[in-house]
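To start, the structure under review is shown below, and the notes come after it.
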Amino acid sequence: MEIFGVDIGGSGIKGAPVDLNRGDLAQERHKVLTPQPATPDGVAGCVVEVVRHFAWDGPVGVTFPGVVTGGVTRSAANMDKAWVGVDTAALLSSRLDGRQVTVLNDADAAGVAEMAYGAGRGNDGTVILLTLGTGIGSALFTGGRLVPNSELGHLELKGHDAETRASVKAKEDGELTWERWAHRVGKYLAHVEMLFSPDLFIIGGGVSRKPEKFLPLIEGVRARIVPAELQNNAGIVGAAMAARSAAE
């Protein structure tokens with residue numbers, strides 16, 4: 001069974017049909033740059049471009065980097081503030097000729113995919129997926145069930161929003177070495193561990209493609225830390241899973 005998934009990020013918007021029997025992309029994904037400013041109208045246009053690239057005519061799942069409840073975006077830390085309060089599912093459905101659109105938090109989508117097909121498969125303990133990129137997204141699971149919109153990237157770390165210290169953007173903006181950045185990530189993980197005592201951390205986002213650069217450098221964390229098996233495609237897969245569930 002194939003369903004279309006779109007992953008909206010602070011720097012890029014990517015999507016593809018997903019083979020939900022395998023938990024993998026059915027075709028090579030198509031990506032466009034996130035418009036700046038990342039307004040609802042501009043981003044919606046990019047989503048339409050990605051979907052039409054494949055001539056897709058069916059349900060669509062879409063992730064958003066912020067709190068999402070009932071298809072409405074409630075926060076937008078790394079997007080234009082005009083997103084707050086927007087019925088994003090209705091907006092995108094109208095731009096996609098009335099197709100059914102399901103919207104959820106981007107890290108929640110990645111986490112659902114990793115729990116079903118990837119590094120969290122079969123783990124019934126407390127699992128936390130963290131997407132490290134423009135910001136830090138999080139997905140919290142206990143007993144295999146998602147606690148939605150956890151937004152742990154906005155915990156306070158040394159007097160700052162954690163994602164301003166430990167995201168990939170923070171590494172790039174500060175021109176940090178892998179060692180120095182891994183030290184910051186370790187401090188962040190230790191703080192999250194103190195609060196939730198997870199059995200497993202899954203590290204997602206684009207940086208999951210090169211775990212050897214930083215995972216061995218992380219210290220002071222008891223929980224097991226592994227890279228996301230679906231890597232940066234997890235959000236697309238999770239978006240498609242959500243669209244399937246909504247259509248059933």
Checking the side chain of [X] only, and the main-chain atoms of [Y] only, is there a donor and an acceptor separated by less than 3.5 Å?
X: E2; Y: A26; answer: no
X: K81; Y: A76; answer: yes
X: D199; Y: R224; answer: no
X: E114; Y: A119; answer: yes

Flag if over 12 foreign heavy atoms under 6.0 Å of [atom1], [X]:
X: Q36; atom1: CD; value: yes
X: E212; atom1: CD; value: yes
X: Q100; atom1: CD; value: yes

Measuring from atom [atom1] of [X] to atom [atom2] of [Y], what distance do you get when rounded to the nearest 0.5 angstrom?
X: L130; Y: I203; atom1: CG; atom2: CD1; answer: 5.0 Å
X: N233; Y: R209; atom1: CG; atom2: CZ; answer: 8.5 Å
X: K14; Y: E28; atom1: NZ; atom2: CD; answer: 13.5 Å
X: L157; Y: E163; atom1: CG; atom2: CD; answer: 11.5 Å

Under 30°, 30 to 60°, or over 60°: which ring-plane class applies to F54 and H30, parallel, tilted or perpendicular? perpendicular

Chi angles and distances behind the side chain to side chain donor-acceptor pair (under 3.5 Å) call for T63, D7: CA-CA 5 Å; T63 78; D7 189 14; 2.4 Å; yes

Mind running side chain to side chain contact (heavy atoms under 4.5 Å, CB included) on L132 and K171 for me, showing each step along the way? CA-CA 10 Å; L132 305 182; K171 177 186 183 301; over 6 Å; no

Looking at every heavy atom in both [X] and [Y], which two are closest together, and how far apart are they?
X: P37; Y: D80; result: CB-OD2, 3.7 Å
X: I13; Y: C46; result: CD1-CB, 3.5 Å
X: S75; Y: E151; result: OG-OE1, 3.9 Å
X: A77; Y: H154; result: CB-CE1, 3.5 Å
X: R29; Y: N232; result: NH1-O, 3.6 Å
X: N105; Y: S138; result: OD1-O, 4.1 Å

Other ILVMFWY residues reachable from [X] by side-chain steps of under 4.5 Å:
X: V67; result: none
X: M115; result: M1, I3, V18, L20, L25, V112, Y117, V127, L129, F141, L146, L200, I202, V226, L230, I236, V237, M241
X: L33; result: none

Does [X] reach the side chain of [Y], with side-chain heavy atoms less than 4.5 Å apart?
X: T126; Y: S197; result: no
X: R145; Y: V147; result: no
X: I218; Y: I225; result: yes
X: P198; Y: I128; result: yes
X: L91; Y: P40; result: yes
X: I8; Y: M79; result: yes

Excluding sequence neighbours, so at least two apart, what forms side chain to side chain donor-acceptor pair (under 3.5 Å) with D19? R22

My understanding is that only residues two or more places apart in sequence, or in another chain, count here; which of them pass side chain to side chain donor-acceptor pair (under 3.5 Å) with T131?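 Residues passing side chain to side chain donor-acceptor pair (under 3.5 Å) with T131: none at all.
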
Common cluster, [X]/[Y], ILVMFWY with side-chain heavy-atom separation under 4.5 Å:
X: F201; Y: W178; result: yes
X: V72; Y: V60; result: no
X: L140; Y: L104; result: no

Can you list the steps and then say if R99 with F4 is a side chain to side chain contact (heavy atoms under 4.5 Å, CB included)? CA-CA 11 Å; R99 291 182 185 82; F4 203 92; over 6 Å; no

Return all side-chain donor-acceptor pairs below 3.5 angstrom for residues 181-190, not counting sequence neighbours, or 'none' if the list is empty.
| from | atom 1 | to | atom 2 | distance (Å) |
| --- | --- | --- | --- | --- |
| W181 | NE1 | A166 | O | 3.1 |
| W181 | NE1 | S167 | O | 3.0 |
| R184 | NH1 | R165 | O | 3.1 |
| Y188 | OH | L152 | O | 2.9 |

